[in-house]
Number of protein chains: 2
Amino acid sequence: MTCGPPFPSRRRLGARPMPGERPYHQAMAKRVTINDVAQAAGVSRQTVTRAINDMGEINEQTKQRVLEACQKLGYRPSRFARNLVVRKKTRAMGYLVASFRNPYFTEIAGDLLNAAAERGWHVVMASTETEDEPNALDMLSGQVDVFIGHFVQNDDALARASGGIPLVMLERPSSRPGMHSVEVDIREGVREAIQALRTKGARRIGMIDSSYSLRASPTYEPSPRRGYFEELVGGESTGMVVVGEESMAGGGRAFAELVATYPDMDAVLAFNDLMAIGAVQASHALGIEVPRQVKICGFDGLTLGEAVHPTLTTVSIDRHALVSSALDIADALAAADFGVLPPMRRTVRPHMLWRESA
Amino acid sequence: MTCGPPFPSRRRLGARPMPGERPYHQAMAKRVTINDVAQAAGVSRQTVTRAINDMGEINEQTKQRVLEACQKLGYRPSRFARNLVVRKKTRAMGYLVASFRNPYFTEIAGDLLNAAAERGWHVVMASTETEDEPNALDMLSGQVDVFIGHFVQNDDALARASGGIPLVMLERPSSRPGMHSVEVDIREGVREAIQALRTKGARRIGMIDSSYSLRASPTYEPSPRRGYFEELVGGESTGMVVVGEESMAGGGRAFAELVATYPDMDAVLAFNDLMAIGAVQASHALGIEVPRQVKICGFDGLTLGEAVHPTLTTVSIDRHALVSSALDIADALAAADFGVLPPMRRTVRPHMLWRESA
DNA sequence: GGTATGACCGTGAACGTTCACGGCATCTCC
DNA sequence: GGAGATGCCGTGAACGTTCACGGTCATACC
C-alpha cells in the first residue's frame, strides 16, 4: 500500500478524488491513457504506439494483444497530445457560414470547398447563424490557420475573438493589419441594374431593401445597396423603397406593399435573389405579369433563380472569383507563415445575368 | 558560445537545421512559443499566460509590455498544448456534408446547427463532395467526439478512417458497435406517394431514378426508392423507370425521356426534389400542364419546392426529427463518455406534403 | 518593530503522446 | 566463432501550455 503524499496534497485535475471530496459534481472520469493500455497489455508505451499506428517493428501477436487491451479499456488517443508532438502542416481554413437559409452562402461554401481542395487546403466550417460570431471564432481558432467569412462584428471584437489568426473578410473592407478583404463593387452592380432596367423601358423603379443584412445593429439601417440605389436612381423613382425581412416571404410582402403604394411602378430591384424570388411569386398571386407589367431584378446570381418561373434576372456576384480571390489571400498568408501582414484587398465586379424576369 | 551536443546530434523537429541539411525542403519555421515571448518581455512564462488570458495578478504595464512582445513576435498559443492541459469537455461533433449542390444536405446542416447549439454541442463541418470521405474523416477525427453524416464508404473503410470515433449514419442501417444510425422509412414514403397519386386519379405512374445517390459504386445500381417503387406500383405502371443524373437538369432530361417513351403517363415520382423540380421545369418547355396532364411528386420536402410554379408536392422527410434523433444518439454517446456502444437505431417516417404539382 | 495583508511574479510539475535512440536477443554468413 | 544484420522492445526527452504552489517585496496595522 502506498502512503500519502510527502507534502500537502498537490493533486492534479485527473487525480482520484479523495472520499468526500467533490460532493456535488460528478467525479471527472480519469482518462484512459496509453500507459494504462501498456500496463494492461504488459508492454511499454512505445509498443502501444506501434500497434495503434501500425508502424512495424512489432510482433503480430503483441500487436493483437495491445489492440485488444485498447478495446477493453476503451482507450482513445488524445488528439491534443498527438498533435502537440507531431506538428503537422495543417493549412486549414475556417469558413464561417453566415446563414444556411440563404443559398447564397451555401453556394459560396460549395465553391470554396471545391477551390480549396484544389489548392490543398482543408476547410472546416461553423455557422454564425445560431452561434454568435465570437463563439464560433473562438471554437475554431484552435483548429485553423486563417478565417474566411461574412463577418458581422466590428473590427475590435473580431480581433479579440480570432485569437490572432488572420481574417479574410468577404464583402467588407478591411483596414487593420491581420485583416484582409475581398469586396464586391456593389455600387457598380446597382448602377448596371438600374441602367439595364432603364434600357428595357422602366421608368419608375422601386427597391426592396433588407431589414437585416449581416449588420450587427439590431435596428434597421439602410444597406449600402439602398444607399447606392437612392444615389443613382434619381428622377421619378426617388424614394420608392420598402423594407422587408430577408427571406422569400419578406420579399413577397415588400413587393405587395410596393405595388400598392406605387401603382405605376414598372420595375423592382431587390436586395437579393431570395427576396426577388419572393417578389416573383407574389406577382403571381397579385395577377401581375412579369416582366411585361413589372420587371424584377435580383442581386446575387443564385442558381435557384433558374428554378422559378419566369427565371430571375439578376446582378450576379461571381462567387468563383470571390472565393478564388479569398484563396489568393490565404495562400499569400500561408507563404508568410500566417504572420501579421498589412491588409490585402481585392475587389470583384458583379455583372448582369439576363434571364426572363426583366 | 555553446559547444555542440555531448552525444551525436539528437536534434528535434523544430531545431535549426544544420547548413547543407534539408537541401530541398523549405526549412520549417521554428514556432514562437510562450518562452520566446517571456524572454522578449523579460518576464516568466506564467506572467505571459496571465497577460494573454487576462487572469489578474499582473501589473497593467507589464501586461502591455507582454502583449506588445506577442504582437511583435507573432506569437500564437498552441491550441494543442492548451487543450492538453486543461482537458475541457468539448462535446464537438463533426458533420460531413455530402453535397452543397443539393439543398437537402445544406438544409439538414442548418437544422443540425440549430438543434446542436440548443443542446450545447459544437459543430464543425467538412465536405465529402470534393474531399473523399476517409480524408475528411481523418482530418476531423482529431477535433470531434462523434461524426454525423450521410456516409458512402462501407463499414470497414469507415471504421478504419474514423479513428475510433463513434459514427451516426444518416439514412443507412448500422450493424456494428460504434456505429449508429437514423434511418428513414423509404418504403413507407414510396407507398404513400403511390397511393396519393392513385387517389388523385393517376393510372400510369413513371419514376425517375438517380444514377448516383450516395452510392459508393461507380456504376449505376437501382436505388432503394426504385426498388420499393417497382415492388409497390404494379399494374400497368410496371417498368416505367428512367435513370437520370442527380440534378435539376438530369431530372428534366429524364422527364422528357419518360414522356416520350410513355405518352399516356399521367404521374411521375422523382428520386428527389431536385430532380422533380427539373421535371416541373421541363414540363413547361414541353407544353405539358402540371398537374392537369401529369402529376409530379418529389421526395425530400425541400423548401425550394415552394419556389417553383406550380409548387412541388413531395414526400417530406422530417429533417427536424432526423437531426434530433441523431442528437439523441450523440447525447447518449456523450453520457457514456464516447465509448464503444452497441448500435443504436432510430427511424423517422416521411409524410406527404401536399402542394400544387399533384 | 513585528506581523499580517496584498500585489505581483517565478518555478517545478503535469497533461498524453511520439521521436530518437539504445539494447538485447536471434539469425546469417564466411 | 566473430562480425554483422535483423527483429523486437523499452527509456529519456521533447512538444507548449497551464496549474499549484512558493516566493519577494511594499504597505498597513497594532
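Letters go in sequence order (proteins before strands), and every chain restarts at 1.
- Nearest heavy atom pair, residue B:Ile165 against residue B:Asp145, reads CG2-O, 3.3 Å.
- Atom CG of B:Asn35 and atom P of D:dC15 are 10 Å apart (whole Å).
- Within the 4.5 Å cutoff, the side chain of B:Thr128 has no heavy atoms near those of the B:His150 side chain.
- Rounded to whole angstrom, the span from the CG atom of B:Asn83 across to the P atom of D:dT17 amounts to 12 Å.
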Test side chain to side chain contact (heavy atoms under 4.5 Å, CB included) applied to B:Leu158 and B:Met179, step by step:
CA-CA 9 Å; B:Leu158 286 178; B:Met179 296 189 181; 3.8 Å; yes
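- Contacts of A:Asp54 classified as salt bridge (charged side-chain N to carboxylate O under 4.0 Å, His left out), with partners at least two apart in sequence or in another chain: none.
- Listed candidates were C:dC19, C:dG16, D:dG16. Nearest to the side chain of A:Ser78 is C:dG16.
- Salt-bridge formation is not detected for the pair A:Asp36/A:Arg45: no Lys NZ or Arg NE/NH1/NH2 atom is positioned less than 4.0 Å from an Asp or Glu carboxylate oxygen.
- The side chain of B:Gln46 lies closest to D:dC19, out of C:dG16, D:dC19, C:dT18.
- Between A:Leu84 atom CG and D:dC15 atom C1' there is a gap of 4 Å when expressed in whole angstrom units.
- Remark: the B:Arg45 side chain and the D:dT18 base include a donor-acceptor N/O pair separated by less than 3.5 Å.
- Using a 4.5 Å heavy-atom cutoff, the side chains of B:Leu137 and B:Gln153 are not in contact.
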Evaluate A:Glu118 against A:Leu327 for side chain to side chain contact (heavy atoms under 4.5 Å, CB included), listing each step before the verdict.
CA-CA 11 Å; A:Glu118 270 178 25; A:Leu327 284 170; over 6 Å; no
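- Protein atom CE of A:Met55 is 12 Å distant from nucleotide atom P of D:dC9, rounded to whole Å.
- The distance from atom CD1 of A:Ile52 to atom C1' of C:dT17 is 9 Å, rounded to the nearest whole Å.
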For nucleotides 5-9 of chain C, give me every protein contact, N/O to N/O, under 3.5 Å, one pair per line with atom names.
from  : atom 1 : to      : atom 2 : distance (Å)
C:dC9 : OP1    : B:Thr62 : OG1    : 2.6
C:dC9 : OP2    : B:Asn59 : N      : 2.8
C:dC9 : N4     : B:Glu57 : OE1    : 3.1

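- Atom pair B:Phe80:CZ and C:dA14:C1' shows a separation of 19 Å (rounding to whole Å applied).
- A donor-acceptor pair shorter than 3.5 Å can be found between the side chains of A:Asp132 and A:Asn135.
- Between A:Ile34 atom CD1 and C:dC15 atom C1' there is a gap of 14 Å when expressed in whole angstrom units.
- A sub-4.0 Å separation between OP1 or OP2 of C:dT17 and a side-chain N or O of A:Thr49 is absent.
- Rounded to 10°, the helix from C:dG1-D:dC30 to C:dC30-D:dG1 has 40° between the axis fitted to its first five pairs and the one fitted to its last five.
- The two atoms that bring A:Glu129 and A:Ser99 nearest to each other are OE2-OG, 3.1 Å, heavy atoms only.
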